[in-house]
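One structure is given below, encoded as structure tokens.
Residue numbers begin at 1 in each chain, while the letters A, B, ... track the order of the sequences.
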2 protein chains.
Amino acid sequence: MTKAGKTVLIVDDEAPIREMIAVALEMAGYECIEAASTQEAHAQIIDKKPDLILLDWMLPGTSGVEFARRLKREDRTSELPIIMLTAKGEEDNKVQGLEAGADDYITKPFSPRELVARLKAVLRRTTPQGVEEPIEVQGLTLDPVCHRVTSHDKPIDIGPTEYRLLQFFMTHQERAYSRAQLLDQVWGGNVYVEERTVDVHIRRLRKALGEAHEHLIQTVRGTGYRFSTKAS
Amino acid sequence: MTKAGKTVLIVDDEAPIREMIAVALEMAGYECIEAASTQEAHAQIIDKKPDLILLDWMLPGTSGVEFARRLKREDRTSELPIIMLTAKGEEDNKVQGLEAGADDYITKPFSPRELVARLKAVLRRTTPQGVEEPIEVQGLTLDPVCHRVTSHDKPIDIGPTEYRLLQFFMTHQERAYSRAQLLDQVWGGNVYVEERTVDVHIRRLRKALGEAHEHLIQTVRGTGYRFSTKAS
DNA sequence: GTGGGCTGTCACAAAATTGTCACGAAAGAT
DNA sequence: ATCTTTCGTGACAATTTTGTGACAGCCCAC
């Protein structure tokens, strides 16, 4: 499965440390970008829009705390979660760190496990999950909370990809999408799969929906597919 | 609504510290009672029935850890959430603290803000939302008061973790949860265990429930698990 | 200390999902 | 009508995700 990997910016002046962290995070399915200074970090934030920052306490030039404080003050970045990294012995600064706006705080040395765990926790805490209302169309219901699709209350069994595909369609009705667009939206931007694969999943989805609903997914010849309540 | 101000018991042998904490908590709308020793603490618990305990690690006589362990073992107090306070340099002990049953730990010095935040988090996590009414689903009953699970009045024997897992599921039916969410909710946010551990406990729970009820716990492929009375 | 109950992890088995193909059917285009 | 594209389908093998049994460490009651 290609999870919508979150991007993490690692800010530390020691390259080996950055590497180590990057390796750990990438193994856990995160995308990593790095920066050795606050200047670089700032550029990266604007450029790559990470979902979280791992920020070393000790940095040449602007200190980590100062940088954190600044980020939290700026409107554009105030929501960006920050985890502070501090070496053992700097523990007194923890209060400062948290008050500067850090969302969590990890003391070196730490295990990759701990890092990943806390990172997950922070992301979970800070990623607001929008209100997820069930979507219903002609007796076909997709409930994102229960992660379930039903046809007139009868459960429909589909795989994860078909589920995402249907979810995308139901939240984007009446409009035609090319295979490439669907791959982007449903599979995630940076995976390479054949465009025809979309056809296969469309087919599986239609089959699962059964005669009652398969007509909702219409093929737009020469272009792609469309989810529509109107007859084609 | 009359906000039922929660009562917090502060156990620390240094009066100034107690005072400082009390002031911070009262400003945040909590009621505070204090104790300088475990003996006093015990009396206060019985007398005032606090909703949470802030427990210093270092205490004359019975140590904080020991006291925590004892509280968690006693039936009457096992549900009482505990936050451990540890001074700088004792951080190595945090594992011990958590294993003794503490729900969170805070390292001195800490900011009032941090204290209140974590206290809230712990209360949110541990305060059962529902009333203490037994929950029954298709002959499967979980009685939070007796701390027992029965299938058509026949007792079912499960471990503490399985119990909490089942309780969580029965109070959050129909909704799908990821392994991470379950770890958060059932294990508590500050411990790190492998996500696959959830699978194992799900397995144990299913086995304990037996054929009669195991279908209530459904696996949501690619996502996690769900407790549902409807067929999958 | 000793036995029993719980837990967290593994390694491996079982099951479900996925991406591709090859081939036939449909729909346009000439 | 015939040729060309484009789309629908069933089959597969590879890969992922779950289910399970076994195990070692731990704590506690005896």
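Residue A:Arg179 places at least one side-chain N or O under 4.0 Å from the OP1 or OP2 atom of D:dC7. For C:dA16, neither phosphate oxygen OP1 nor OP2 lies less than 4.0 angstrom from any side-chain nitrogen or oxygen of A:Tyr163.
Aromatic ring pairs are classed by plane angle as parallel below 30°, tilted from 30° to 60° and perpendicular above 60°; the pair A:Phe168 and A:Tyr177 is perpendicular. Classification of the B:Tyr163-B:His147 ring pair by plane angle, with boundaries at 30° and 60°, yields parallel.
Looking only at side-chain heavy atoms (C-beta outward), A:Lys120 and A:Tyr30 come within less than 4.5 Å of each other. Contact of the A:Leu85 side chain with the A:Ile17 side chain is not registered, since no non-hydrogen atoms from C-beta on lie closer than 4.5 Å.
In this structure, B:Glu214 places its CD atom 18 Å from P of D:dT18, rounding to the nearest Å. In this entry the distance linking CZ of B:Arg69 with P of D:dC27 reads 7 Å, nearest Å. A:Arg206 has its CZ atom 12 Å from the C1' atom of D:dT9, to the nearest Å.
Annotation: A:Glu211, atom CD; neighbour count of heavy atoms from other residues, nucleotides and ligands within 6.0 Å does not exceed 12. Dense packing is recorded around CG of B:Asp47, with more than 12 heavy atoms of other residues, nucleotides or ligands lying under 6.0 Å away. Summarising the local packing, CZ of B:Arg148 is surrounded by 12 or fewer heavy atoms from other residues, nucleotides or ligands at distances under 6.0 Å.
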Using a cut-off of under 3.5 Å, enumerate the N/O to N/O pairs linking the protein to nucleotides 8-10 of chain C.
unit_1, atom_1, unit_2, atom_2, d
C:dG8, OP1, B:Trp187, NE1, 3.1
C:dG8, OP2, B:Trp187, NE1, 3.4
C:dG8, OP2, B:His201, NE2, 2.7
C:dG8, N7, B:Arg204, NH1, 3.4
C:dG8, O6, B:Arg204, NH2, 2.5
C:dT9, OP2, B:Glu194, N, 2.8
C:dT9, OP2, B:Thr197, OG1, 2.7

Between the protein and nucleotides 26-30 of chain C, which nitrogen or oxygen pairs come in under 3.5 angstrom?
unit_1, atom_1, unit_2, atom_2, d
C:dA27, O4', A:Arg221, NH2, 3.4

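Using a 4.0 Å heavy-atom criterion, one finds that B:Glu162 contacts the sugar-phosphate atoms exclusively.
Residues A:Ser151 and A:His213 come closest through the heavy atom pair OG-NE2, 2.9 Å.
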